[in-house]
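Only one structure is covered here, and it is reproduced in the block below.
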Amino acid sequence: EEPQTFYEAVGGEETFRRLVHRFYQGVVDDPLLRPLYPEDDLVGAEDRLRLFLIQYWGGPGTYSQERGHPRLRMRHNPFVIGSAERDAWLKHMHDAVTSLELPQDLEKRLWDYLVYAAHSMVNAPDA
Ligand code: HEM
């Protein structure tokens, strides 16, 4: 029998759906972040982030079937991401992660990854 993936351990697609939906509920009202995202396609952005995270954690590879190799740093180049944008992103993501009420060890693994990934996405030095 295959070992359970992290994707399965946290509850599969439904959990990632809740996570990313809650995250974008925060982005919608954020004056710093909202302008970075497509004006009329926040649903598409939600789909892309959800499918990426599902794939990353061992679920179906739909993200790469639709989008190709993630190349996340490159895909973020069009957006100016400094420490303020990173921290705003992480604030909404923290709210979303804790809303899942996962077992502590799973929550920590997910959160540690998101913090690391968000730091690696910064592409603009502070003034
Ligand atoms: C796309 C902002 C961090 C994963 C985007 C987009 C924006 C954005 C504006 C375009 C939305 C769209 O898909 O149309 C930011 C900001 C971050 C951040 C301000 C702060 C650090 C992250 C992190 C991850 C991530 C940490 C992964 C864990 C993605 C993915 C896409 C995306 C998968 C879609 C890429 C594609 O297929 O085109 N992000 N992002 N982002 N972001 Fe981020």
Side-chain angles (χ1 to χ4, degrees):
E1 201 175 285
E2 294 286 317
Q4 200 187 35
T5 61
F6 184 86
Y7 169 76
E8 290 164 336
V10 296
E13 178 178 2
E14 175 61 22
T15 297
F16 288 91
R17 199 168 278 283
R18 283 165 56 214
L19 173 71
V20 174
H21 187 69
R22 176 72 175 244
F23 169 75
Y24 275 109
Q25 284 183 326
V27 169
V28 167
D29 292 319
D30 189 310
L32 186 65
L33 292 185
R34 183 65 187 88
L36 298 180
Y37 287 86
E39 200 176 326
D40 54 5
D41 189 25
L42 217 51
V43 171
E46 191 172 320
D47 287 344
R48 289 183 280 278
L49 181 56
R50 184 185 66 256
L51 291 173
F52 170 77
L53 291 172
I54 285 173
Q55 173 174 298
Y56 177 85
W57 290 108
T62 314
Y63 175 83
S64 282
Q65 282 164 23
E66 293 183 358
R67 307 289 292 165
H69 190 284
R71 296 164 165 265
L72 284 189
R73 254 192 77 85
M74 187 201 77
R75 289 193 204 263
H76 286 77
N77 276 344
F79 318 113
V80 175
I81 303 179
S83 56
E85 288 78 11
R86 175 198 67 204
D87 291 347
W89 193 98
L90 280 171
K91 174 172 65 105
H92 299 303
M93 198 48 98
H94 188 258
D95 181 56
V97 167
T98 56
S99 79
L100 298 175
E101 301 188 303
L102 294 172
Q104 201 177 16
D105 56 328
L106 298 177
E107 178 178 303
K108 180 171 168 21
R109 234 181 114 187
L110 179 58
W111 178 241
D112 286 354
Y113 162 73
L114 291 164
V115 170
Y116 163 81
H119 279 73
S120 79
M121 227 59 85
V122 171
N123 56 23
D126 290 328

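What you see is a predicted model; the values in this text were computed from it and never measured. Whatever order the structure lists ligands and atoms in, that order sets their numbers, starting from 1.
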**Report entry** Min side-chain heavy-atom separation P60-I54 under 4.5 Å
**Finding:** yes
Report summary line: If you scan protein heavy atoms around atom 17 (C) of ligand 1, the nearest is W89 CD1, 3.1 Å
Requested in this report: Tell me which one of H76, R75, Q55 gets a heavy atom nearest to atom 29 (C) of ligand 1.
Outcome: H76
Report task. Find all atoms of ligand 1 within a distance of less than 4.0 Å from any non-hydrogen atom belonging to A117, and give their numbers and elements. Result -> 26 (C), 28 (C)
Query raised in the report: Stepwise, does the ring pair (Phe, Tyr, Trp, His ring centres under 6.0 Å) test hold for Y63 with Y56?
Result: CA-CA 9 Å; Y63 175 83; Y56 177 85; over 10 Å; no
Query raised in the report: Can you find an N or O of E85 that's nearer than 3.5 Å to an N or O of ligand 1?
Result: no
Query - atom 2 (C) of ligand 1 [closest protein heavy-atom partner, distance rounded to 0.1 Å] - result: Y37 OH, 3.2 Å
Query raised in the report: Does a side-chain N-to-carboxylate-O contact under 4.0 Å join R50 and D47?
Result: yes
Query - Short N-O contact, R48 and D41, less than 4.0 angstrom - result: yes
Report task. Look at atom 37 (O) of ligand 1 and find which of F52, Y63, F79, Y24 reaches it with the closest heavy atom. Result -> Y63
Report summary line: If you scan protein heavy atoms around atom 14 (O) of ligand 1, the nearest is R48 NH2, 2.8 Å
Query raised in the report: Got a sec: does the CD of Q104 have more than 12 other heavy atoms crowding it under 6.0 Å?
Result: no
Query raised in the report: Can you tell me which residue and heavy atom of the protein come closest to atom 27 (C) of ligand 1, and the distance to 0.1 Å?
Result: L72 CD1, 3.7 Å
Query raised in the report: Side-chain contact, heavy-atom cut-off 4.5 Å: T5 with W57?
Result: no
Query - Protein contact to atom 38 (O) of ligand 1 [nearest heavy atom, distance to 0.1 Å] - result: R67 NH2, 2.6 Å
Query raised in the report: Should P38 be listed as contacting ligand 1, given a heavy-atom distance under 4.0 Å as the test?
Result: yes
Query - Closest to atom 4 (C) of ligand 1 (judged by heavy-atom distance), picking from L33, L36, L49, V115 - result: L49
Requested in this report: Using distance alone, with no hydrogens and no angle criterion, decide if H92 and D30 have a side-chain donor and acceptor under 3.5 Å apart.
Outcome: yes
Query raised in the report: Which of the numbered atoms in ligand 1 are below 4.0 angstrom from a heavy atom of Y113?
Result: 28 (C)
Requested in this report: Quick one: closest heavy-atom pair of F6 and R109, and the distance?
Outcome: CD1-NH1, 3.5 Å
